[in-house]
Trainee: 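Pasting a structure here, questions to come.
Since the model is a prediction, treat every value here as computed from it, not as a measurement.
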Amino acid sequence: MMNIEEIEKILPQRYPFLMLDRVTDIKAGEYIRAYKNVSANEEYFNGHFEEKPVFPGVLTAEAMAQASCLLIKKSIPDLKATLFYITNMKLRFFKTIIPGDRVDINVKVVKIVRTGGIFETEAVVNSYIVAKGEMTFACK
């Protein structure tokens, strides 16, 4: 388990772009489970959308990417890389995420190497898969 302070020691993102609140389970080289609590007070809801606030899909992808990067760092502890870039992503979105939702992020390793990795990712709200797919990263 990792709290926000431990996450910030590994990831370079900070508020408002840090998309993970807590890691609930992690097994190096295999999987990570984390979550984000979506608050109505977050800035992007002012314009996305005014009458019906929706958590942007690109930020759902960012949350899955951040969890994947934590998994890379935990799987290769002596890895010097501090920046991770998405080089490919194939995602499908099935349902909207709204203020008040807790988004559970589940990531499984497909392949991991010192220069990056490939991961199966999914975002879940109330036991429903809201987004899933595959993401590939390069480390710098």
Side-chain angles (χ1 to χ4, degrees):
M1 197 152 138
M2 298 171 66
N3 63 30
I4 192 73
E5 290 85 15
E6 293 168 305
I7 293 169
E8 286 180 335
K9 289 178 184 173
I10 298 171
L11 295 180
Q13 291 87 351
R14 295 293 177 265
Y15 180 84
F17 218 66
L18 183 58
M19 292 291 133
L20 300 176
D21 293 322
R22 186 171 299 269
V23 172
T24 56
D25 193 13
I26 187 167
K27 185 166 186 185
E30 292 187 32
Y31 66 85
I32 187 170
R33 293 185 184 105
Y35 67 83
K36 171 168 182 47
N37 290 311
V38 179
S39 169
N41 299 323
E42 296 181 69
E43 273 302 308
Y44 36 79
F45 287 126
N46 291 331
H48 198 271
F49 300 99
E50 201 169 314
E51 277 88 44
K52 185 169 173 55
V54 175
F55 188 69
V58 68
L59 297 181
T60 304
E62 179 65 22
M64 292 187 284
Q66 289 178 15
S68 300
C69 294
L70 281 174
L71 185 52
I72 291 171
K73 287 294 278 187
K74 286 296 188 176
S75 298
I76 308 171
D78 64 336
L79 185 66
K80 302 275 189 260
T82 57
L83 296 176
F84 303 87
Y85 299 96
I86 298 170
T87 57
N88 191 33
M89 115 176 115
K90 298 172 193 165
L91 299 176
R92 297 222 29 218
F93 297 88
F94 304 104
K95 202 167 171 14
T96 57
I97 299 169
I98 59 172
D101 283 344
R102 172 181 150 154
V103 184
D104 293 303
I105 305 295
N106 303 312
V107 177
K108 293 179 187 171
V109 171
V110 173
K111 181 180 180 180
I112 196 165
V113 294
R114 296 189 75 73
T115 56
I118 303 170
F119 302 89
E120 290 178 0
T121 62
E122 69 178 15
V124 178
V125 174
N126 296 326
S127 301
Y128 292 100
I129 296 174
V130 296
K132 75 178 200 172
E134 186 176 276
M135 302 179 94
T136 304
F137 297 86
C139 304
K140 297 276 182 184

Trainee: Is the shortest side-chain N to carboxylate O distance from Asp104 to Arg102 below 4.0 Å?
Mentor: yes

Trainee: Would you please name every residue forming a salt bridge (Lys or Arg N to Asp or Glu O under 4.0 Å) with Glu42, sequence neighbours left out?
Mentor: Lys36

Trainee: Would Ile72 end up clustered with Ile118 when hydrophobic side chains under 4.5 Å apart are linked, directly or stepwise?
Mentor: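 No, Ile72 and Ile118 fall in different hydrophobic clusters.
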
Trainee: Under 4.5 Å between side-chain heavy atoms, hopping through other hydrophobics if needed: is there a path connecting Val107 to Leu79?
Mentor: yes

Trainee: Is Leu83 isolated, or which residues cluster with it under the ILVMFWY side-chain rule of less than 4.5 Å, directly or via members?
Mentor: Tyr85

Trainee: Decide whether Ile98 and Tyr128 are clustered together by the hydrophobic rule: side chain heavy atoms of Ile, Leu, Val, Met, Phe, Trp, Tyr closer than 4.5 Å, transitively.
Mentor: no

Trainee: Rounded to the nearest 0.5 Å, how far apart are CD1 of Ile76 and CZ of Arg114?
Mentor: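 Ile76 atom CD1 to Arg114 atom CZ measures 5.5 Å (nearest 0.5 Å).
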
Trainee: Give me each pair satisfying ring pair (Phe, Tyr, Trp, His ring centres under 6.0 Å) with a member in residues 58-81, each pair once, sequence neighbours excluded.
Mentor: none

Trainee: In terms of hydrophobic clusters joined by side-chain contacts under 4.5 Å, are Leu91 and Val125 together?
Mentor: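 Yes.
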
Trainee: Between Met64 and Met89, is there a shared hydrophobic cluster once you connect ILVMFWY residues whose side-chain heavy atoms come closer than 4.5 Å?
Mentor: yes

Trainee: Let me confirm one number: the CE-CD1 distance from Met2 to Ile32, rounded to the nearest 0.5 Å.
Mentor: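 Met2 CE to Ile32 CD1: 7.0 Å, rounded to 0.5 Å.
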
Trainee: Just wondering, are more than 12 heavy atoms of other shown residues or ligands nearer than 6.0 Å to NZ in Lys73?
Mentor: yes

Trainee: Could I get the full list of side-chain contact (heavy atoms from CB on, under 4.5 Å) partners for Thr115, not counting sequence neighbours?
Mentor: Val113

Trainee: Can you tell me how the ring of Phe55 sits relative to the ring of Tyr44, calling it parallel under 30°, perpendicular over 60° and tilted otherwise?
Mentor: perpendicular

Trainee: Remaining members of Ile129's ILVMFWY cluster at a side-chain heavy-atom cut-off under 4.5 Å?
Mentor: Phe94, Val124

Trainee: Show your reasoning for whether side chain to side chain contact (heavy atoms under 4.5 Å, CB included) applies to Val110 and Lys108.
Mentor: CA-CA 6 Å; Val110 173; Lys108 293 179 187 171; over 6 Å; no

Trainee: Show me the donor-acceptor pairs, under 3.5 Å and distance only, between side chains in residues 8-24 and residues at least two apart or in other chains.
Mentor:
unit_1, atom_1, unit_2, atom_2, d
Gln13, NE2, Glu62, OE2, 3.3
Arg14, NH1, Glu8, O, 3.4
Arg14, NH1, Leu11, O, 2.8
Arg14, NH2, Glu8, O, 2.6
Asp21, OD2, Asn37, N, 2.6
Arg22, NE, Tyr35, OH, 3.4
Thr24, OG1, Arg33, O, 3.2

Trainee: Test your reading of the model: is there a side-chain donor-acceptor pair from Lys111 to the backbone of Gly116, 3.5 Å cut-off?
Mentor: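 Such a contact is absent between Lys111 side chain and Gly116 backbone.
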
Trainee: Is there a donor-acceptor pair closer than 3.5 Å between any side-chain N or O of Thr136 and the backbone N or O of Thr87?
Mentor: no

Trainee: Just by distance, do the side chain of Asp101 and the backbone of Val103 share a donor-acceptor pair under 3.5 Å?
Mentor: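 No, the answer is negative, given that no donor and acceptor are paired below the 3.5 Å cut-off.
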
